[in-house]
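A note on names: the letters A, B, ... follow the listed sequences, proteins ahead of strands, and every chain is numbered from 1.
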Number of protein chains: 2
Amino acid sequence: MSVQERKERERAGRERLIVATARELAEQQGWDAVTTRRLAERIEYSQPVLYSHFRGKREIIGAVALQGAAEMAMAVRAATSAADGPRARVTALARAYLDYAESNPAVYDAMFQLDGGLAFANEDTPEPLKDAFAALLESLGEVAGDGVHPGLFTEVFWAALHGLATLTRAGRLPPEDAERRVELLVDRLAML
Amino acid sequence: MSVQERKERERAGRERLIVATARELAEQQGWDAVTTRRLAERIEYSQPVLYSHFRGKREIIGAVALQGAAEMAMAVRAATSAADGPRARVTALARAYLDYAESNPAVYDAMFQLDGGLAFANEDTPEPLKDAFAALLESLGEVAGDGVHPGLFTEVFWAALHGLATLTRAGRLPPEDAERRVELLVDRLAML
DNA sequence: TCGCTTGTCTAGCGGTGCTAGGATCGAATC
DNA sequence: GATTCGATCCTAGCACCGCTAGACAAGCGA
């Protein structure tokens, strides 16, 4: 048994290495630079090894996306739990979300811009993604307002944050007014 | 002179053909299917001809994006000018925007998801893009609220629409509640 | 009719994601 | 300890990508 267990451990370790290396490479040089050849070279294995862990590049992106979702959920919960009152919580949530997107652009892309082959908004959505949405819902639900479905409100607020994150990073919005946009968003959308 | 003019006309016509064909192919099979080979085959010329009109694939995407921006500006203005009162105008604007994104996903991608090599949010932004933003500003500026900069408000509202458009189309948001999300967005963001 | 510019094509470069098939290595058996 | 045998990994190659150099032909002005 021990031999098999060791092999499984090594395999799992290598899989983590692949994901971490892909993520690192993507953050350094963008996802276009994450080719199977370069990735294989960095982990010091040949290309086909990647395909013994993942079906293809898409699945590697998906693995990075799941990692990111877990991290973002943590970041959002950490920010909101340190804030007092609904208003401070929502503001902290918005800042934490946008900060994460700005600090981890490649991971954010893996989650929401690229095709990682993940299911969304249905029952077989992976747990980390559902939990990340839950993290948003926890703080946003309380400011949805009377008669407004908390889930629906969370979706709209999330969409606004996503729009700000992507448009800002793509240079479609001038970066200097980012903070004022957040304030406007919180002031208007949340019922305080 | 006449010979040269005829040639220029033919050249301009072929350029329009390239852009139209790229757009058509992208809408039919997605941008991944728009390869220079396939595009060349469809217009019944060889690949290098494409490069005598555009610097590369990116510029072709950019040309489609500009076309889309002009169309979207028209669609938004048509919708808002047919509506009575600020509230109806904003709702019509939101619906027109999301409708355009849903009906022309490849063009929308060219504008906001892909790299078309276009400048944004600065002085050498192409006219159609500035005008599309202006079309939003015309109706959104009047509901920004006291003391809120109309441009900033338009940016936030636009970001929210963009988030709804992209997340819905990528399957991140369930499509059935789209209309309720629009109503919530208009109710809360606009000062009526 | 000739020369020349202009335009177009064929062919090919280095890269991509992905895979078939052979070599090698290590664990289990005799 | 030698031998079998299955798991594991790599070399080599496929079809395709964006893009370009250089050969070639067509149509213009002289």
To the nearest angstrom, the NE2-P distance between B/His53 and D/dC19 comes to 15 Å

message: Heavy-atom count check: over 12 atoms from other residues, nucleotides or ligands less than 6.0 Å from A/Asp84 CG?
response: no

Using only modelled atom types and a 3.5 angstrom limit, is any donor from either the side chain of B/Gln47 or the base of C/dC9 paired with an acceptor on the other? no

Margin query: Check this for me: does any side-chain nitrogen of one of B/Asp187 and A/Arg188 sit under 4.0 Å from a carboxylate oxygen of the other?
Written below: no

Short side-chain N/O contact to D/dC16 OP1/OP2 from B/Arg38, under 4.0 Å: no

Next on the checklist: Are A/Phe153 and A/Trp158 an aromatic pair, judged by ring center distance below 6.0 Å?
Outcome noted: no

| said: OP1 or OP2 of C/dG17 versus the side-chain N and O atoms of A/Thr36: is any pair under 4.0 Å? | reply: yes

Of the listed C/dC9, D/dG18, D/dC10, the closest approach to the A/Tyr45 side chain comes from D/dC10

In whole angstroms, the gap separating C1' of C/dC9 from OH of B/Tyr51 amounts to 15 Å

**Request:** Would you indicate, yes or no, if C/dT16 has its OP1 or OP2 atom less than 4.0 angstrom from a side-chain nitrogen or oxygen of A/Thr35?
**Result:** yes

Out of D/dC10, D/dT8, C/dT8, minimum distance to the side chain of B/Val49 belongs to C/dT8

Exercise. Can the ring centroids of A/Tyr108 and A/His162 be said to lie less than 6.0 angstrom from one another?
Worked result: yes

From CD of B/Gln29 across to P of D/dC17 the rounded distance in Å is 11 Å

- Taking only side-chain nitrogens and oxygens of A/Arg14, does any of them come within less than 4.0 Å of OP1 or OP2 of D/dT8? no

From CD of A/Glu8 across to P of D/dA7 the rounded distance in Å is 14 Å

Whole-Å distance, B/Arg58 CZ to D/dC19 C1', equals 14 Å

Phosphate OP1/OP2 of D/dC17 contacted by B/Arg37 side-chain N/O (<4.0 Å): yes

From NZ of A/Lys7 across to P of D/dC9 the rounded distance in Å is 8 Å

Quiz item: Does B/Glu24 pair with B/Arg38 as a salt bridge, N-O distance under 4.0 Å?
Solution: no

Rounded to whole Å, CG of A/Leu50 lies from P of C/dG17 at a distance of 10 Å

From CD1 of A/Ile18 across to P of C/dC18 the rounded distance in Å is 13 Å

